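Each remark here refers to the structure printed beneath this line.
Keep in mind that what you see is a predicted model, and the values were worked out from it rather than measured.
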Amino acid sequence: MNPFLTTGHPMGSVRAYGCDASVLLDPTPANPETEKTAPINIGLAAFEVIDEIKAALEERCPGTVSCADIVVYAARDASSLLSNGHVHFAAPAGRLDGVVSRAADAQRDLPDSTFTVSELIRNFRRKNFTVEELVILSGAHAVGVGHCSSFRARLSAPPAQIVPAYRNLLSGKCAAAAGGADDPVVANNVRDEDPRAVAAAFPSFLGKLRKARDFLDNSYYHNNLARIVTFNSDWQLLTEKEALGHVKEYAENGTLWDEDFSDALLKLSRLPMPPHSKGEIRKTCRWVNHH
């Protein structure tokens, strides 16, 4: 469920089976399509960092700390580091690692960047998250990157949905990288963009660029209201009355967002496995123990 392992929606890899590290499992001959292979999880990365943490823990206290707990602690620490300590929460331990991982489940359960606001609300509601929490967790898009394929339709969206200069910036970056990459990535936050690209396509934004990239704050909400966000699912929050109200609320009060984002991440980390589900503490995060 780590929002910083994925460039998709910050609901991350939490799905029907709860927060169980099932997304870390590699494909096998018996199960060639795990959650990692799902198209909706295109942005997943940094698995080797989890591997290193797990190996160090197994050396010191074997069979004690689950991969699911490691992912939650990584989310906690990443949030704190990227926000200069403004986002923080105490994450309890004791999760078990799931033994089921299916790409089809991820495709069915995870919110997509193309969703309408109604689809987003329904998706989050199934996991007992409110409209407000949908808006809160979307603020994680202040950091990270997105694949061009995830916002392709935005490149032809009208000015009412995306500022033309920003749309041109995205189009240029996706087109320029197309020769060297099948599906290039672009910064989620225009504040983290390459100054040369901004100067060419969106010069009015040059003064707002940051020297330090990937700072987790409430800038996502300012960008959304200004129609300079990448994903359709971001812009869609402006089309529903309650969601729009919360976007404005967090744009005006960054401290409140820090606190509410901390609470929402904690709630996300507590999503349980279904009753009677089988769980374990894996020896390695990429394989179930009987592999």
Side-chain angles (χ1 to χ4, degrees), residues 1-15 17-83 87 91 93 95-103 105-106 110 140-150 177 180-188 192 212-216 265 268-269 279-291:
M1 50 68 57
N2 189 340
F4 308 110
L5 275 180
T6 175
T7 58
H9 204 281
M11 188 58 92
S13 61
V14 174
R15 50 179 183 78
Y17 296 105
C19 188
D20 67 348
S22 54
V23 75
L24 302 180
L25 292 174
D26 277 351
T28 66
N31 182 22
E33 296 185 351
T34 61
E35 292 174 50
K36 279 184 180 179
T37 70
I40 201 167
N41 279 330
I42 186 174
L44 291 177
F47 294 111
E48 66 280 358
V49 176
I50 302 298
D51 293 337
E52 292 174 10
I53 296 170
K54 179 62 172 174
L57 285 167
E58 285 299 305
E59 183 178 346
R60 290 165 175 77
C61 44
T64 304
V65 183
S66 70
C67 299
D69 276 351
I70 291 171
V71 172
V72 170
Y73 295 147
R76 176 199 63 190
D77 294 349
S79 300
S80 180
L81 287 169
L82 293 173
S83 67
V87 174
R95 297 163 193 81
L96 292 177
D97 298 321
V99 298
V100 177
S101 182
R102 293 186 289 252
D105 292 339
L110 295 181
H141 285 167
V143 299
V145 297
H147 283 259
C148 288
S149 62
S150 298
D182 292 334
D183 193 8
V185 296
V186 175
N188 282 341
D192 296 333
R213 292 173 59 89
D214 284 333
F215 183 63
L216 186 61
L265 282 183
L268 194 63
S269 77
E280 62 184 14
I281 295 179
R282 294 183 208 142
K283 294 177 184 179
T284 177
C285 291
R286 292 177 181 263
W287 316 105
V288 297
N289 288 341
H290 58 72
H291 176 79

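- Between the side chain of N41 and the backbone N or O of K36, no donor-acceptor pair lies under 3.5 Å.
- The salt bridge (charged side-chain N to carboxylate O under 4.0 Å, His left out) test applied to D77 returns no partner, not counting sequence neighbours.
- Here the closest non-hydrogen pair linking G98 and V288 is O-CG1, 4.3 Å.
- Here the closest heavy-atom approach between residue A21 and residue A68 is recorded as CB-N, 3.5 Å.
- If you take CZ on F47 and CG on L25, they are separated by 10.0 Å, rounding to the nearest 0.5 Å.
- In this structure, the side-chain contact (heavy atoms from CB on, under 4.5 Å) partners of S83, at least two apart in sequence or on a different chain, are H86, V87, L216.
- In this structure, CG on L44 lies 10.5 Å from OG1 on T37, to the nearest 0.5 angstrom.
- Evaluation of the salt bridge (charged side-chain N to carboxylate O under 4.0 Å, His left out) test over residues 38-49, restricted to residues two or more places apart or in two chains, returns none.
- Residue pairs meeting the disulfide (SG to SG under 2.5 Å) criterion with at least one member in residues 29-59: none, sequence neighbours excluded.
- Partners of E58 by side-chain hydrogen bond (donor to acceptor under 3.5 Å, both in side chains), not counting sequence neighbours, listed by chain and number: K54.
- Under the rule for a side-chain hydrogen bond (donor to acceptor under 3.5 Å, both in side chains), T284 has no partner lying at least two apart in sequence or in another chain.
- Partners of S80 according to the side-chain contact (heavy atoms from CB on, under 4.5 Å) rule, which considers only residues two or more places apart in sequence or in another chain, do not exist here.
- The shortest non-hydrogen separation linking L265 to S79 is CD1-OG, 3.2 Å.
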side-chain contact (heavy atoms from CB on, under 4.5 Å) evaluation trace for C148 with V185: CA-CA 6 Å; C148 288; V185 296; over 6 Å; no
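- Here CD1 of I70 is found 6.5 Å from CD1 of I53. Values are rounded to the nearest 0.5 Å.
- Remark: side-chain polar atoms of D26 are not paired, donor with acceptor, to backbone N or O of R286 under 3.5 angstrom.
- A side-chain hydrogen bond (donor to acceptor under 3.5 Å, both in side chains) check over residues 63-75, counting only residues at least two apart or in different chains, returns the pairs D69-R95.
- Between the side chain of R102 and the backbone N or O of D105, no donor-acceptor pair lies under 3.5 Å.
- Minimum heavy-atom separation, V72 to S269: CG1-CB, 3.7 Å.
- Remark: side-chain polar atoms of D183 are not paired, donor with acceptor, to backbone N or O of H147 under 3.5 angstrom.
- Atom CD of E35 sits about 3.5 Å away from atom OG of S22, to the nearest 0.5 Å.
- Taking CG of D97 as the reference point, atom CD of E280 lies at 6.5 Å (rounded to 0.5 Å).
- Between P27 and P32, the closest heavy-atom pair is CB-O, 3.4 Å.
- N289 places a side-chain N or O within 3.5 Å of a backbone atom of I281 that can act as its donor or acceptor partner.
- Contact of the L268 side chain with the C19 side chain is not registered, since no non-hydrogen atoms from C-beta on lie closer than 4.5 Å.
- Remark: the backbone N or O of V143 is paired with a side-chain donor or acceptor of N188 at under 3.5 angstrom.
- Considering SG of C67 and CD1 of I50, their distance stands at 8.5 Å, rounded to 0.5 Å.
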R282 and V99: CA distance, side-chain angles, deciding distance, side-chain contact (heavy atoms from CB on, under 4.5 Å) verdict: CA-CA 9 Å; R282 294 183 208 142; V99 298; 6.0 Å; no
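- Listed by chain and number, the residues in a side-chain contact (heavy atoms from CB on, under 4.5 Å) with P39 are Q107 (sequence neighbours excluded).
- Listed by chain and residue number, nothing satisfies the side-chain hydrogen bond (donor to acceptor under 3.5 Å, both in side chains) test with R76 (two or more places apart in sequence, or in another chain).
- For N31, the side-chain hydrogen bond (donor to acceptor under 3.5 Å, both in side chains) criterion is met by no residue, not counting sequence neighbours.
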Step-by-step side-chain contact (heavy atoms from CB on, under 4.5 Å) determination, S101 to V23: CA-CA 7 Å; S101 182; V23 75; 6.0 Å; no
